[in-house]
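By convention in this document, chain letters (A, B, ...) are assigned in the order of the sequence lines, proteins followed by strands, and residues within each chain are numbered from 1.
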2 protein chains.
Amino acid sequence: MTSTTPRERYRTQVKAEIKAKAWEQIAVSGAPGLSLNAIAKQLGMTGPALYRYFSSRDELLTELIRDAYGSFSAAVAAAGEVDLAGLARVVREWALADPQRYFLTYGTPVPGYQAPEDTRATAQQVMDRLVAACAGLGPDPEMRAVRAWTRLHGVLSLELAGHFSGMDLDPSELFEAEVRSLS
Amino acid sequence: MTSTTPRERYRTQVKAEIKAKAWEQIAVSGAPGLSLNAIAKQLGMTGPALYRYFSSRDELLTELIRDAYGSFSAAVAAAGEVDLAGLARVVREWALADPQRYFLTYGTPVPGYQAPEDTRATAQQVMDRLVAACAGLGPDPEMRAVRAWTRLHGVLSLELAGHFSGMDLDPSELFEAEVRSLS
DNA sequence: CCGAGGAGTTACAACTTATAACGAAAGCGA
DNA sequence: TCGCTTTCGTTATAAGTTGTAACTCCTCGG
C-alpha cells in the first residue's frame, strides 16, 4: 500500500531538507531571521524554487510550528512511566535541546498570526499527560496541571531567554525547586 | 538652566513622535513588523529621514526596549506601600496594558541580539523591590523573589500569548491563585 | 515512445534597510 | 542685519527580502 511515486518521494525529501535548513537558520537567527532565499542558496537552488514546496514564508513557518508541537508531544509521550517531576524534566530537556523551537511554540506571539488549529489538540495531549501525572496529588487535577505548566514555563522560559545569566544562581537548581513545589 | 536650543527641542520631539508611532506598529504587528519606512510615511516624511534620529532599525528597537524596561521599573516604583500580592497585580496591570511591550522585555530573545547593558540594572531595580516585598516572608528573600518572579512570569506570559483562550479558565483567577502561592 | 505535468530557471514587481549626495532652511555669531 | 555653518529632509541608489509570471527542460506514466 501507500503507493508512493518517485515524484512524491523526491518531493517529501526536498521538503524535509528545506525544513532542516530552516531549523538551522532559526536556531541561529530566530524565527524573524528565517529567509527563503538563504535556504534555497544552501540547497543549491534559487529562491522561487521553494515556492513549489511552500506557498509562502508563513506556510513554512506554520509547518515548522506544527512540527515543533509534534516533537514536543512526542517527547512527552516517549517518556515512560514517570511522575510529575520526571515529566517536568523531560519538558526541560526538550526545551534546552533547541530553545528557539520552544519559543516557536510558547514564545512571543505575532499579534496577527494564528497558530494552526491542530496544534491546540497536540498541546492538549501534553496537557492530558500532565493532568494524568497530577491525578494522585489531590483534588482538581486539571487545575493542578495548568498551574504546574505555568510554573514550569515561567522558570524555563526565563532560563532559555538568558535572564538568569550573571545572577549567580543555578537554573537547574531553580527548576528543581519549582518541580518540588508541584507535589 | 538646562539650556535647550530650539534645534534640540525639535529633535527630541521628533524622536518621541517616531517612538510613539513605533509603539503603535509594535502593538499591531509585533516587533518583527516594525518598519522604518511605514513610520516615516505616517509622520509625513521619507524613509531615510529617520536615520537622522536613529542610526538603524536595531537602534530604534534597542531604545524601545530600554524605554519598556524603564516603564516597567517606573510602574513598579510608582506602586505605593504594597505587599507582594499588590506588587504582583501592578506587574500584571502593566503587562496587560501593552502585551507586546511586555514581550519586548521578557519575550522570545533574538539569538544574536543583546539587550543594552543598562536594562539589567533597571530590571534589577524591579527585582530589588520584589526582594523587599519578600523580606518578612521567611529566609532567603532573594531566592523567594526570583521564584516569585518566575511564577508570575509563567502565568502572565501564557495569558498574554493567548494560551488560555478557549480553555475555560479565568486568567485573573489563575493569576491570583499563583499570587496566593507566594506567601 | 511520446505527451503531460512538475521542477527549476530567469525576469520582474514591490517591498525592506541603509548610504550618499544634494538642496534648503534654520540657527548663531559678528 | 548679514552671512556662515550646521542640520534636516529630500532624491537616487545599492543590496537585500518575498512573491508572481513565463519559460525550459526533464522525468514519469500511459
Peer 1: Assess whether one donor atom and one acceptor atom, taken from the side chain of A:R11 and the base of C:dG6, lie less than 3.5 Å apart.
Peer 2: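 Checked by distance alone, the answer is no.
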
Peer 1: Check each of B:T62, B:L36, B:I39 against B:R57 using the side-chain contact (heavy atoms from CB on, under 4.5 Å) test, and report the only one that passes.
Peer 2: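 Going through the options one by one, the only one that passes is B:L36.
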
Peer 1: I need the CG-P distance between A:L50 and C:dT9, as an integer number of Å.
Peer 2: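 So the two atoms are 9 Å apart, to the nearest Å.
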
Peer 1: Rounded to whole angstrom units, what separation is found between the CZ atom of B:F54 and the P atom of D:dG9?
Peer 2: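 Computing the B:F54:CZ to D:dG9:P distance gives 13 Å.
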
Peer 1: Name the residue closer to the 5' end of DNA chain D, choosing between B:M45 and A:D58 according to the nucleotide with the nearest heavy atom.
Peer 2: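 Comparing both residues, the 5'-ward one is B:M45.
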
Peer 1: A:S35 side chain: which of D:dT18, C:dA7, D:dG19 is closest?
Peer 2: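 The nucleotide sitting nearest to the side chain is D:dT18.
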
Peer 1: Please report the distance, rounded to the nearest Å, between CZ in B:R9 and P in C:dG27.
Peer 2: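 Between P of C:dG27 and CZ of B:R9: 10 Å.
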
Peer 1: For the side chain of B:P48, counting heavy atoms from C-beta on, which of D:dT20, C:dT19, C:dA21 is nearest?
Peer 2: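 Nearest nucleotide to the side chain: C:dT19.
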
Peer 1: Between D:dG9 and B:Y51, is there an OP1 or OP2 to side-chain N/O distance shorter than 4.0 Å?
Peer 2: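 For D:dG9, neither OP1 nor OP2 has a side-chain N or O of B:Y51 closer than 4.0 Å.
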
Peer 1: Using atom CG of B:L36 as one end and atom P of C:dC15 as the other, report the distance to the nearest whole Å.
Peer 2: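 In whole Å, C:dC15 P and B:L36 CG are 16 Å from each other.
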
Peer 1: Take atom CZ of B:R7 and atom C1' of C:dG29, then tell me their distance rounded to the nearest Å.
Peer 2: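 Going from B:R7 (CZ) to C:dG29 (C1'), I get 14 Å.
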
Peer 1: Scan A:L64, A:D118, A:T105, A:V126 and name whichever one has a side-chain contact (heavy atoms from CB on, under 4.5 Å) with A:Y69.
Peer 2: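 Result: among A:L64, A:D118, A:T105, A:V126, A:T105 is the only option passing the side-chain contact (heavy atoms from CB on, under 4.5 Å) with A:Y69.
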
Peer 1: A:V91 and A:H153: side-chain contact (heavy atoms from CB on, under 4.5 Å), yes or no, with the steps?
Peer 2: CA-CA 9 Å; A:V91 169; A:H153 168 73; over 6 Å; no

Peer 1: What nucleic acid atoms does A:R57 come within less than 4.0 Å of, heavy atoms only: base, sugar-phosphate, or nothing?
Peer 2: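 Touches sugar-phosphate only.
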
Peer 1: Rounded to whole Å, how long is the line connecting atom OH of A:Y10 with atom C1' of D:dT27?
Peer 2: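 In whole Å, D:dT27 C1' lies 11 Å from A:Y10 OH.
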
Peer 1: Counting only side-chain nitrogens and oxygens, does A:T46 get under 4.0 Å of the OP1 or OP2 atom of C:dT9?
Peer 2: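 So the side-chain polar atoms of A:T46 do come within 4.0 Å of the phosphate oxygens OP1 or OP2 of C:dT9, strictly under.
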
Peer 1: Let me know the distance between NZ of B:K15 and P of D:dG9, rounded to the nearest Å.
Peer 2: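 Taking NZ of B:K15 and P of D:dG9, I get 13 Å after rounding.
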
Peer 1: With side-chain hydrogen bond (donor to acceptor under 3.5 Å, both in side chains) as the test, pick out the partner of B:E17 among B:K21, B:K19, B:Q13.
Peer 2: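 Looking at B:K21, B:K19, B:Q13, the match for B:E17 under the side-chain hydrogen bond (donor to acceptor under 3.5 Å, both in side chains) is B:Q13.
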
Peer 1: So A:W149 and A:F72, would you call those rings parallel, tilted or perpendicular, with 30° and 60° as cut-offs?
Peer 2: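 Ring orientation of A:W149 relative to A:F72: tilted.
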
Peer 1: Rounded off to whole Å, could you give me the CG-to-P distance for the B:N37 and C:dT17 pair?
Peer 2: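 These atoms are roughly 5 Å apart.
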
